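Notes to accompany the following structure.
The structure displayed is predicted, hence computed values, not measured ones.
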Number of protein chains: 2
Amino acid sequence: MYSERIPPALAGKVMSAGDAASLFRTGMIIGMSGFTRAGDAKAIPRALAERARSEALRFTVITGASLGNDSDGLMAEAGLLARRMPFQVDGTLRRKINAGEVMFIDQHLSETAEQLRNGTPGAIDIAVIEAAAITSEGIIPTMSVGNSASFVEQAGMIVIELNASVPMALAGLHDIYLPQGRPGRQPIPLTSPEQRIGTRAIPFDPARIAAIVVTDMPDSPSSVLPPDDETKAIAGHVIRFLEAEVAAGRMGEELAPLQAGIGTIANAVLHGLTQSSFRNLTMFSEVLQDSAIELLDSGQLRFASASSITLSPAMNEKFMRNLDHYRSRIVLRPQEISNHPELVRRLGIIALNTALEFDLYGNVNSTHVGGTHMMNGIGGSGDFARNGQLSIFVTKAAAKSGDISSVVPMVSHVDHTEHDVDVLVTEFGLADLRGLAPRERAPLIIEHCAHPDYRPALRDYFARACRAGGHTPHLLPEALSWHERYKNDKTMRGH
Amino acid sequence: MYSERIPPALAGKVMSAGDAASLFRTGMIIGMSGFTRAGDAKAIPRALAERARSEALRFTVITGASLGNDSDGLMAEAGLLARRMPFQVDGTLRRKINAGEVMFIDQHLSETAEQLRNGTPGAIDIAVIEAAAITSEGIIPTMSVGNSASFVEQAGMIVIELNASVPMALAGLHDIYLPQGRPGRQPIPLTSPEQRIGTRAIPFDPARIAAIVVTDMPDSPSSVLPPDDETKAIAGHVIRFLEAEVAAGRMGEELAPLQAGIGTIANAVLHGLTQSSFRNLTMFSEVLQDSAIELLDSGQLRFASASSITLSPAMNEKFMRNLDHYRSRIVLRPQEISNHPELVRRLGIIALNTALEFDLYGNVNSTHVGGTHMMNGIGGSGDFARNGQLSIFVTKAAAKSGDISSVVPMVSHVDHTEHDVDVLVTEFGLADLRGLAPRERAPLIIEHCAHPDYRPALRDYFARACRAGGHTPHLLPEALSWHERYKNDKTMRGH
């Protein structure tokens, strides 16, 4: 029964998704819950796409991060999306972004809430928030917080998707704190990952609740692949590096709080930690995947703070079955807090993110295939890589059966500059770039990280570039030629 | 008389620069005071260069930022510098960096102290600190703080350059606070530019004072050029933009605290503010130039926080003559604090920095001429551009009599990605990029910022790149061809 999930005074706001969708007018700016396909609005995107069959509708859609349930694809296909920010992972939407049909604003995930507070891109007209319940404390989110608290604070109207399939016992999993306005903003009082600094629910103005739509759709399951030989090798290099940091006295045995980006490789590295001797670990991350639950279960992870949880079906079932256990070991925060520069710097995060490619000097491309085509977005990687204590980027050394080298002379797009990259890792090894000048970085990256098939060509490029001179030696006419060669010949080999 | 500037117990440590230089052994890591050529160690670099005439000496030299008095040039020429970080502006040193003879580690200026605390690049052997005095409170710095407090905290030996030419009344100008170690680090309690959170002097262990060298050399004067028609036009665009922000209700009339990078253009923009109607302004910057004093004198600037002051000779004389007046309106902090991500984000800084070039999508190159040759370094621009509320980059639209366009299809080196760049300004106009996708940014940048001579070629490139597709359209074989053309033909014209 959904009625126990809402206060009686709001019962009159319950309506169908179709009726709720009629509240939306073309040109509106919509803030939707959802972060890494967890806790996303599910019914309204569908109902809006349905409405768009018979009517011209165009919106700016802002989320926490990626939506699941094909929502971005349905909205993109229906032509609903004039503008979309700050992150996405959908194939259909990706095609429309790269065709210039959807204006995509790719943002550091900690910054969207600040920009909304400053009036960019404009006032939120409607917030669409998935909730487990509405109680006297406020709106209880589901498996993510994302930007939902900011949307609720700012939106003229609030539409709740009340998901009756999630346990009400999610209440207490969340910690809602938003920085104040300026001037006069005070320090964020958080000094450890497990600290609670806010409220258990999102405060809201009942007068702005325009509709409550009851749903029972589950989150899309995690699509992360299991570890393979290469990701296991990457995990091994990272773990040995961290062990050496402890041995050198640069960190305690509990390390520093860990952040891990979403995806197969980062998940595999964390999974690898279950085979390590590390204990009493903490996470201060934006998303928790299966590996975080494994580490909690193994007793090695003491506490995990994030903005969302995205799990495989089996792990999700386990999580829900043991919610009381996990609720004391996990907290979900607004992404402005999970990724906040102030906290990332203060806590001294070890940041672990995935690169699409990196270059001889340690610049990283996380987003653009061939320098032009958006894959997903920068996400929170920059929030953590810039301000963390240690910034590690991982990738497999080659892609497309070896025809693409992940180590190139110059990246075709820069998301993270060499200043923000401390350690690079592939299945072949690890390059510790800390304190090194560009000319010292290149040989380490070539010999430790590049696929052996590509090392001779990288060495040759570097040697010739050094003869041409410069702090960061390059031969500009050749610098991006590997990408062009792949485009024309479907391989980077033969350079 | 210098004797009143040091406690009697340390009188026995006074010696010549030559004798003090004999304490240094090859291979040492040396931390030197000095930031934007202010408050730099002056006698020891000379004495070390002298010693190197007869002896092989190689050091790692870490400073706050740039040194004056030709110190970097003398040390580089003498072959003393094996490694140098985190910033420099010297012509001789620049040549050696670009020839690969000095390993230069170009860093975000807020990060050097954190890296030292973490043991990269190793323990500081000797700190060389210019001081106005040593009192019961500690070491009183001169016209900069930079990384001096960190060097003093960490160094095995401390060498003081006691500059008898600076007034002892500098005492009280500084506020020394360093973040604690981790875990358990507490929030930095600063919530406004004028707040004092630390001590007036650098605490030190008297047992580690190895030498005191008495000097009277002045800081090198500021080399900033006076405003010209182009920098005045840039200032006008910035001021009208800020006025519009106030009119739109996005900021109060006192704006947000201002940061301005070093150099002629940033100085000209601040100078331009003296002609504006803004009042009650504050600065939270890394360096104060003549323009900051002008704004204090005009009554428009209420308070200025920075890590150093570098002035023209006339302005310096005025500053010293009215020290009591300025001391209540200026505070100098460690650069870890002046540039700290926590504070830059909390205070909502308006960041104003200079670009060498920028591209169609708003990526900025601040450092590398032709993508390879280091000019000065990234300095603090990234600290402010990433974490500030508004990130503005300024440059003249063309250089070398118009043969170099500052707006290019793709920058040859990325220091600041499009995520960290809100507004671009040249003498021709201003492009407000907030909330815009790459394909929306390019036309604004071309039509508002590029030199008219280069607009047709930029429009042509952008149109053809859009036809090739992508979120960030580029034609890789051409993307860096403007730089190559300049290298070969000494002009970018004719594209």
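With rounding to the nearest 0.5 Å, the separation of NE2 in B:H416 from NE2 in A:H419 is 7.5 Å. Atoms NE2 and CG, on A:H474 and B:L480 in that order, are 9.0 Å from each other to the nearest 0.5 Å. In this structure, CE in B:M410 is found 7.0 Å from OG in A:S412, a value given to the nearest 0.5 Å. Residue B:N387 holds its CG atom at 7.5 Å from CD of A:E111, rounded to the nearest 0.5 Å. With values rounded to the nearest 0.5 angstrom, A:F104 atom CZ is found 10.0 Å from B:T472 atom OG1. The structure places CG of B:L433 at 11.5 Å from OG1 of A:T120, a figure rounded to the nearest 0.5 Å.
Each of A:R185, A:H108, A:M85, A:Q107 has some count of heavy-atom pairs under 4.5 Å with chain B, and the biggest count is that of A:H108. Comparing B:R95, B:E440, B:E484, B:R434 by how many heavy-atom pairs each has under 4.5 Å with chain A, the most go to B:E440. Heavy-atom pairs under 4.5 Å with chain A were tallied for B:R83, B:Q389, B:H471, B:E245; the largest tally goes to B:H471. When the candidates A:A479, A:G119, A:P477 are compared by the number of heavy-atom contacts under 4.5 Å with chain B, A:P477 comes out ahead. Interface remark: of the candidates B:I378, B:N363, B:L343, B:I378 forms the most heavy-atom pairs closer than 4.5 Å to chain A. The choice from A:H340, A:R439, A:R346 that makes the most heavy-atom pairs within less than 4.5 Å of chain B is A:R346. Considering only heavy-atom pairs separated by less than 4.5 Å from chain A, the leading option among B:P121, B:G348, B:A468 is B:G348. Ranked by heavy-atom pairs under 4.5 Å with chain A, the list B:L390, B:N118, B:I97, B:D420 is led by B:N118. Listed options A:G184, A:A99, A:P473 were ranked by heavy-atom pairs under 4.5 angstrom with chain B; first place goes to A:A99.
The two residues B:D415 and A:T417 make their nearest non-hydrogen contact at O-CG2, 3.6 Å. In plain terms, the two heavy atoms of A:R345 and B:R182 that are nearest each other are O-NH2, 2.7 Å. The shortest heavy-atom contact between B:P187 and A:I188 is CG-O, 3.9 Å.
When heavy atoms are compared at a cutoff of 4.5 Å, B:E114 approaches chain A solely by way of its side chain, counted from C-beta outward. Residue A:S192 does not touch chain B at all, counting heavy-atom pairs closer than 4.5 Å. Contact annotation for B:S110: both backbone and side-chain heavy atoms come within less than 4.5 Å of a heavy atom of chain A. Contact of B:A465 with chain A is not made at all, since no heavy-atom distance falls under 4.5 Å.
Near-neighbour residues of residues 367-375 of chain A relative to chain B, defined by a heavy atom under 4.5 Å from a heavy atom of that chain, comprise A:H368, A:G370, A:G371, A:T372, A:H373, A:M374. Residues of residues 247-256 of chain B that come within less than 4.5 angstrom of chain A, heavy atom to heavy atom, are B:R250, B:E254 in numerical order.
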